[in-house]
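The structure under discussion appears below in the form of structure tokens.
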Amino acid sequence: MLPAAQNIGSLLCDGIGDAVLIRGEKAPGQSLRLAYNILQAAGTRIFKTDYVACPSCGRTLFNLQHTTQKIRAATGHLKGVRIAVMGCIVNGPGEMADADFGYVGGAPNKINLYVGKTAVKFNIPETEAVERLIDLIREHGKWVDAPEPATVEI
Ligand code: SF4
């Protein structure tokens, strides 16, 4: 899996090619998922929401793993939107790449929200920060409601 991502991804990043066919993964659908992920990571095609998260370290100001899961659950249907989740303001904003929105630890349990590389909301209590992030995405016209789950008749 890793060699495929390295070999194909580096070509795609250089603008060579715009489609991928991977064979040989054992689990059903795994080759297709891998191909989609490589295309999206290289920026060649967009199939889903894109996330950038820092690896966390001693400076992390909130539970990064739990919060990233919450943000993914709330925004995972926003195809093409890039969201960065970074543990602190020391290095986080500089590592957000080209994210559209950033959720960054500003102080213990306080969050700053970014649009691109610009901080626009400061010291939001962590308990309401995911909702404020959603508000910000709405304000910037990037929000759509999640599709209704299919109903199953019993
Ligand atoms: S962004 Fe901050 S918390 Fe995250 S890894 Fe970098 S220094 Fe640590």
Side-chain angles (χ1 to χ4, degrees), residues 1-18 20 22 25 27 29-146:
M1 187 184 292
L2 190 58
Q6 283 175 332
N7 297 338
I8 303 167
S10 56
L11 290 173
L12 291 169
C13 287
D14 287 342
I16 300 169
D18 62 2
V20 172
I22 295 174
E25 298 293 336
Q30 195 174 356
S31 295
L32 189 59
R33 274 197 299 279
L34 179 56
Y36 281 158
N37 286 338
I38 290 171
L39 286 165
Q40 172 127 354
T44 307
R45 292 175 191 234
I46 302 296
F47 302 99
K48 56 187 181 178
T49 320
D50 230 357
Y51 298 97
V52 182
C54 78
S56 87
C57 72
R59 287 188 168 130
T60 307
L61 292 164
F62 57 89
N63 184 324
L64 199 100
Q65 201 173 359
H66 174 69
T67 304
T68 303
Q69 281 170 356
K70 263 174 74 178
I71 291 173
R72 288 178 75 106
T75 63
H77 62 290
L78 301 178
K79 181 178 164 185
V81 176
R82 292 197 162 116
I83 300 172
V85 186
M86 312 304 273
C88 79
I89 52 172
V90 179
N91 292 326
E95 295 172 2
M96 293 197 300
D98 54 353
D100 300 307
F101 301 96
Y103 181 109
V104 182
N109 305 114
K110 295 283 169 72
I111 305 302
N112 295 353
L113 297 178
Y114 287 66
V115 176
K117 293 206 178 297
T118 306
V120 294
K121 310 264 181 194
F122 298 89
N123 290 323
I124 300 168
E126 192 189 344
T127 48
E128 58 185 75
V130 174
E131 280 305 313
R132 298 292 78 78
L133 173 66
I134 292 168
D135 292 344
L136 196 61
I137 295 171
R138 272 187 216 279
E139 282 169 28
H140 285 78
K142 299 262 188 168
W143 180 265
V144 292
D145 289 332

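Numbering of ligands and ligand atoms starts at 1, following listing order. The shown structure was predicted, so the numbers you read here are calculated from the model rather than taken from an experiment.
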> Between T49 and T75, is there a donor-acceptor pair closer than 3.5 Å when you use the side chain of the first and the backbone of the second?
Replying inline: yes
>> Within 2.8 Å of atom 8 (Fe) of ligand 1, is there any N, O or S atom belonging to C88?
In response: no
> Which heavy atom of F101 sits nearest a heavy atom of L136, and at what distance?
Replying inline: CE2-O, 4.0 Å
> Can you name the closest pair of heavy atoms from N112 and F122 and give their distance?
Replying inline: OD1-CA, 3.4 Å
> Does any N or O in the side chain of D100 come within less than 3.5 Å of the main-chain N or O of G116, such that one atom is a donor and the other an acceptor?
Replying inline: no
> Nearest to atom 8 (Fe) of ligand 1, what protein heavy atom do you find, and at what distance?
Replying inline: C57 SG, 2.2 Å
> M96 and M86: which non-hydrogen atoms are nearest, and at how many Å?
Replying inline: CG-CG, 3.6 Å
> So which protein heavy atom does atom 4 (Fe) of ligand 1 come closest to, and at what separation?
Replying inline: C54 SG, 2.4 Å
> Going by the atom numbers of ligand 1, which of them fall below 4.0 Å from some non-hydrogen atom of G87?
Replying inline: 3 (S), 4 (Fe)
>> Looking only at protein heavy atoms, which one is nearest to atom 7 (S) of ligand 1, and what is the separation?
In response: N91 ND2, 3.3 Å
> Looking just at side-chain N and O atoms, do N63 and K70 make a donor-acceptor pair shorter than 3.5 Å?
Replying inline: no
> Considering only protein heavy atoms, which is closest to atom 3 (S) of ligand 1, and at what distance to one decimal place?
Replying inline: T60 OG1, 3.3 Å
>> Need the ligand 1 atom indices (1-based, order shown) with element for anything under 4.0 Å from a heavy-atom of G92.
In response: 1 (S)
